[in-house]
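Worksheet: one structure, shown below.
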Amino acid sequence: MGVSDHAGATVCVERIILDGLKLDEVAQRQTEIQRSSIKKKICDSVRCSLGQWKIWILKWIPLLSWIPQYSVRENGLGDLVSGVSVGIMHLPQGMAYALLASVPPVFGLYTSFYPVLVYFIFGTSRHVSIGTFAVISIMIGSVSERLAPDDHFLTNGTNESVVMDMEARDVQRVKVAAATTLLCGIFQVLLGLVRFGFVVTYLSEPLVRGYTTGAATHVITSQLKYMFGVSPRRFSGPLQLLYTLVELGRLLPQTHIATLLISLVALTALIIVKEINSCYSRRLLLPVPIELMVVSSYTCTMFLQIAVNGVDVVGEIPSGLVPPRVPEVGFFSSVVGDAFAVAVVGYAINISLGKTFALKHGYKVDSNQELVALGLSNTIGGFFQCYSVTSSMSRSLVQESTGGKTQVAGMISAVIVFITVLKLGPLFEQLPTAVLSSIVFVNLKGMFMQCQDIPALWRSSRVDLLVWLVTFLCTVLLNLDLGLAASITFTLLTVICRTQRPRYSLLGRVPDTELYLETESYKEAKAIPGITIFRSSAMIYYANAELYQEALLKKVPHTTDELHTGSKTTAFSSSFFLSFFLSFFLSFQSGINIPKLLKLKKRKEEEENAKKKQVKKQDKQLANRMMVSMKDVSESVHCHRTDRECIINDSGIATVTHGNMNCSFQPEQDSEEEEQDETDTHSSSCDGVQEHTHSIILDFSPVSFIDTVTLKTLKNVSQVTFICTHLLSYLTLPMCVTVVCVVEQLERGGFFSESISKSHLFPSIHDAVLRCLCRSQRNRSSSEFAPVRLSSH
């Protein structure tokens, strides 16, 4: 990047010093903002006019809004090619992922048909491919195997042998999968109707990527038995994956050699051709359909009976579609937690892919409508014995790269699956399950490539790296459902910890500017003598309010041990204990008479009230002006002295004067002689300012809301501060508040009083600093003013 064209520009703004009261007057704050009542919102939402009905229909059925404008000339060819390509991928992936869901492969084909048609009508993303997905399939499979384990279907065979009723087991698992899918869809539709699409924002990107990588590990483990041709025992609960790996290692001597060879040959072919597709994607008109080629070749081989006996095959695939039936709602109580987890994870994957493509191609995806569309896909699919669906990354990339531009591509892919189910289904009955497992293996490459996030997160954010690793380990060790719950809990804890332990800093002014930066991070940011500017990098709420007060007491440069000891000890006490402990500690430490101190405080308040009445007329006539300029230091100094006010332009430094009182930011002198003379002239006043802190400014710009605990903390801080006001030369507690709702919450909480009024609120730190200087000098002297130098060298 080059140097900005505005690097040498100067800015000069002249206005009065604004506090909370003057800001309301100048900006004309609206005390009563007209907001629609809940009753009116409900009435408007259920208003049944013709125009409202049209808006509703177009909103809930997006197909009606874009299909009349569909251009066959511009989009037809691309959607056709893309739909055929994705449809060809649906066939092997649907059957392969059905094994993950522990249901017969034909139900994977059903899942690749019905939900895709529903999403075509209700979805808003033009490029995602809805259907089977490895992570969702393994989550459904874990539920199916838990509620319909193999042990429940063992029967006595001939010769006192024990055989498994595979048909009864598959029927029961299909019922469990359909019930889980229906409940998952109901959750998604309800969340979409109440505009709860933002819930997925609590699943951060490191969490989702770590979770899907951990789930891919479960997928790989579940497919090893098909590739080696063994039958391990099923384990459930935490450490399930480790127990399964140990069991597979024990069964390795029983590996079926023919099955292993089929798996290795299929893996080799799939990996080589997929790498070729990836390297030459720009030169190839269509990606080579290697998955369909491998499925077809092995199917032909099995039909010719070239393969060795003993290889597990897909089995019977009925032709035609099954009629809809109501899933068994009796499973709902057993799968409610799993259904909600599938709903959240499926939506998170779908919306992340949808928004990625929408951002790339310049259109908008409605997050709430996507939730409804995905929910309807699962709900209707549950009646047709489908299992839960979401977007597939591999198919979506193919749909986009082959020229797909609208949802028509998804509808064409569904037609390809429909033709296969009607006429070609029986051709895949002799397909080895090891081939389908190999397809699952290769398609998980993208998920395991997410491990490359680890070095990138190490460089960018260690906290996000910790979230990724903890999510991955919890998913691998605690299974999918417990792993997701533990991961979300840990992610929220990291947010709480970061807000509970923010960075507390003191701010100083950058010379020749009105900018205030951290003195620890910027060398040129100089602390203003007598003024402490305190900032927290996070918002203040009940979890860190006490830490905020402790950090404030540590950062403020107290001049006496009594103030520090008393205020720190009584931070969160009630008013009674506050006075008691202050009296005890202050009396013990220094022999200060607290009752006498309170009388002095009261007397001083009376004197201040009398003084306010005297200067009331004068304050109305005075205009506290602020000059913020970015002029060169060489600019001459112009001073207009009057009895009422003087405005000094001192090379861009804000200056405010009242008669003989000059509260200004003096520029640094180029000449050492001038600097020495000025230092000698003002030495007494500067020492006086540095000796005591007369003003503490709280920067509340990061604060977006105020809770009751924060209110009590601020009251305690101000109460302790003003009780001990005689220990300091002058003490005020202004706050920089920029959010209107924070001011309203302070008003409702009864924060403002005689000692702390809205005049202590300022829209910027610079306004607060200038007002503190004016008040400090006014309290010190009413006739004479010794200039104060605010820039240190």
Within-4.5 Å side-chain heavy-atom neighbours: Phe700 and Ile540: yes

Using a cut-off of 6.0 Å, state whether more than 12 heavy atoms not belonging to Phe340 lie near its atom CZ. no

Applying ring pair (Phe, Tyr, Trp, His ring centres under 6.0 Å), name anything that partners Tyr542, two or more places apart in sequence or on another chain. none

Residue Arg498 excluded, over 12 heavy atoms near CZ under 6.0 Å: yes

Considering residues at least two apart in sequence or located in another chain, which fulfil the ring pair (Phe, Tyr, Trp, His ring centres under 6.0 Å) criterion with Tyr280? none

Test of understanding: with side chain to side chain contact (heavy atoms under 4.5 Å, CB included), list the residues that count as partners of Thr406, not counting sequence neighbours. Trp66, Tyr70, Asn75, Asp79, Val408

In chain order, what residues pass the side chain to side chain contact (heavy atoms under 4.5 Å, CB included) check against Asn277, with sequence neighbours excluded? Val273, Leu284, Pro287, Val288

Leu507: what forms a side chain to side chain contact (heavy atoms under 4.5 Å, CB included) with it, not counting sequence neighbours? Ser505, Tyr516, Glu518, Ile533, Arg535, Asp699, Ile765

For Thr390, give me all partners under side chain to side chain donor-acceptor pair (under 3.5 Å), at least two apart in sequence or on another chain. none

Does some side-chain heavy atom of Tyr541 sit less than 4.5 Å from a side-chain heavy atom of Val703? no

Checking Phe705 now: which residues fulfil ring pair (Phe, Tyr, Trp, His ring centres under 6.0 Å) with it, not counting sequence neighbours? none

Note, Ile488 side chain near Leu203 side chain (heavy atom, < 4.5 Å): yes

A quick test of your reading: do over 12 heavy atoms of other residues, nucleotides or ligands sit less than 6.0 Å from CE of Met447? yes

Sequence-distant partners of Ser392, side chain to side chain contact (heavy atoms under 4.5 Å, CB included), two or more places apart: Gln93, Phe133, Ser394, Arg395

Quick check: closest heavy atoms across Val143 and Val335, and the distance to 0.1 Å? CG1-CG1, 3.5 Å

Using residues 438-445 as the side-chain source, report each donor-acceptor pair under 3.5 Å to any protein atom, sequence neighbours left out, with the distance given to one decimal.
unit_1, atom_1, unit_2, atom_2, d
Ser438, OG, Ser263, O, 3.4
Ser438, OG, Ala434, O, 2.9
Asn443, ND2, Glu291, OE2, 2.9
Asn443, ND2, Ile439, O, 3.0
Lys445, NZ, Glu275, OE2, 2.5

Could I get the full list of ring pair (Phe, Tyr, Trp, His ring centres under 6.0 Å) partners for His127, not counting sequence neighbours? Phe357, His361, Tyr363

Provide the full list of side chain to side chain donor-acceptor pair (under 3.5 Å) pairs with a residue in residues 347-359, sequence neighbours left out, each pair given once. Asn350-Glu370, Asn350-Ser391

Taking side chain to side chain donor-acceptor pair (under 3.5 Å) as the definition, give me every residue that meets it alongside Ser144, ordered by chain and number, with sequence neighbours left out. none

